[in-house]
Colleague: 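Take this structure first; my questions come after.
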Amino acid sequence: MKKNGMKKTLRSAFLLTLTFALACAFSGVAFAEGETVQTASNGLGLIAAALSTGIAGIGAGIAVGAGAPAAIGALTEDPKSFGKSLIFVALGEGIALYGMLVSILILSKI
């Protein structure tokens with residue numbers, strides 16, 4: 001079971017690296033064809049904004065996917081633990097909000 005999870009992780013890392021390499025290559029091609037430096041940096045800025053939102057969303061999904069079932073389990077045993085459980089689930093969602101905030105800041109500088 002762990003080998004299958006490791007294969008998925010390695011496959012995802014490989015695809016992410018390949019996507020980033022292709023995006024950098026295509027932005028370099030646009031720069032080599034005589035476009036300005038500003039256009040090439042705009043492309044990389046858009047890639048950075050997309051990656052910050054996407055990776056933060058994946059991280060938030062992992063955090064909430066691990067925290068929410070534990071919070072539900074704790075809530076069934078002790079209903080008084082609702083506030084503490086809600087805080088841990090909200091902390092996982094905060095990761096996605098920070099990624100979105102970073103992408104908005106990147107897009108405002110382009």
Side-chain angles (χ1 to χ4, degrees):
M1 190 71 140
K2 288 189 176 190
K3 281 187 174 183
N4 193 15
M6 183 61 109
K7 284 183 181 180
K8 285 183 179 180
T9 304
L10 288 175
R11 188 179 307 138
S12 298
F14 174 73
L15 289 175
L16 183 65
T17 306
L18 181 66
T19 304
F20 184 71
L22 287 174
C24 288
F26 285 130
S27 66
V29 167
F31 181 66
E33 290 176 357
E35 295 190 16
T36 63
V37 177
Q38 188 66 27
T39 305
S41 66
N42 282 349
L44 290 177
L46 293 173
I47 292 169
L51 285 176
S52 68
T53 303
I55 293 172
I58 291 170
I62 292 170
V64 171
I72 292 170
L75 189 62
T76 57
E77 291 182 11
D78 183 21
K80 295 179 183 177
S81 67
F82 177 72
K84 293 177 188 175
S85 303
L86 188 64
I87 289 172
F88 285 114
V89 174
L91 286 174
E93 284 296 323
I95 296 170
L97 291 175
Y98 286 132
M100 187 177 67
L101 178 66
V102 167
S103 68
I104 289 171
L105 291 172
I106 290 171
L107 290 174
S108 69
K109 294 292 181 179
I110 293 179

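Residue numbers count from 1 along this sequence.
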Colleague: Please list every donor-acceptor pair under 3.5 Å in which a side-chain atom of residues 44-67 meets a protein atom from a residue at least two apart or in another chain.
Modeller:
unit_1	atom_1	unit_2	atom_2	d
Ser52	OG	Ala48	O	3.4
Ser52	OG	Ala49	O	2.9
Thr53	OG1	Ala49	O	3.1
Thr53	OG1	Ser103	OG	3.0

Colleague: Membership question, hydrophobic clusters at under 4.5 Å side-chain separation (ILVMFWY): are Phe82 and Ile87 in the same one?
Modeller: no
Colleague: Quick one: do Leu97 and Ile104 end up in the same hydrophobic cluster if we chain Ile, Leu, Val, Met, Phe, Trp and Tyr together by side-chain heavy atoms under 4.5 Å apart?
Modeller: yes
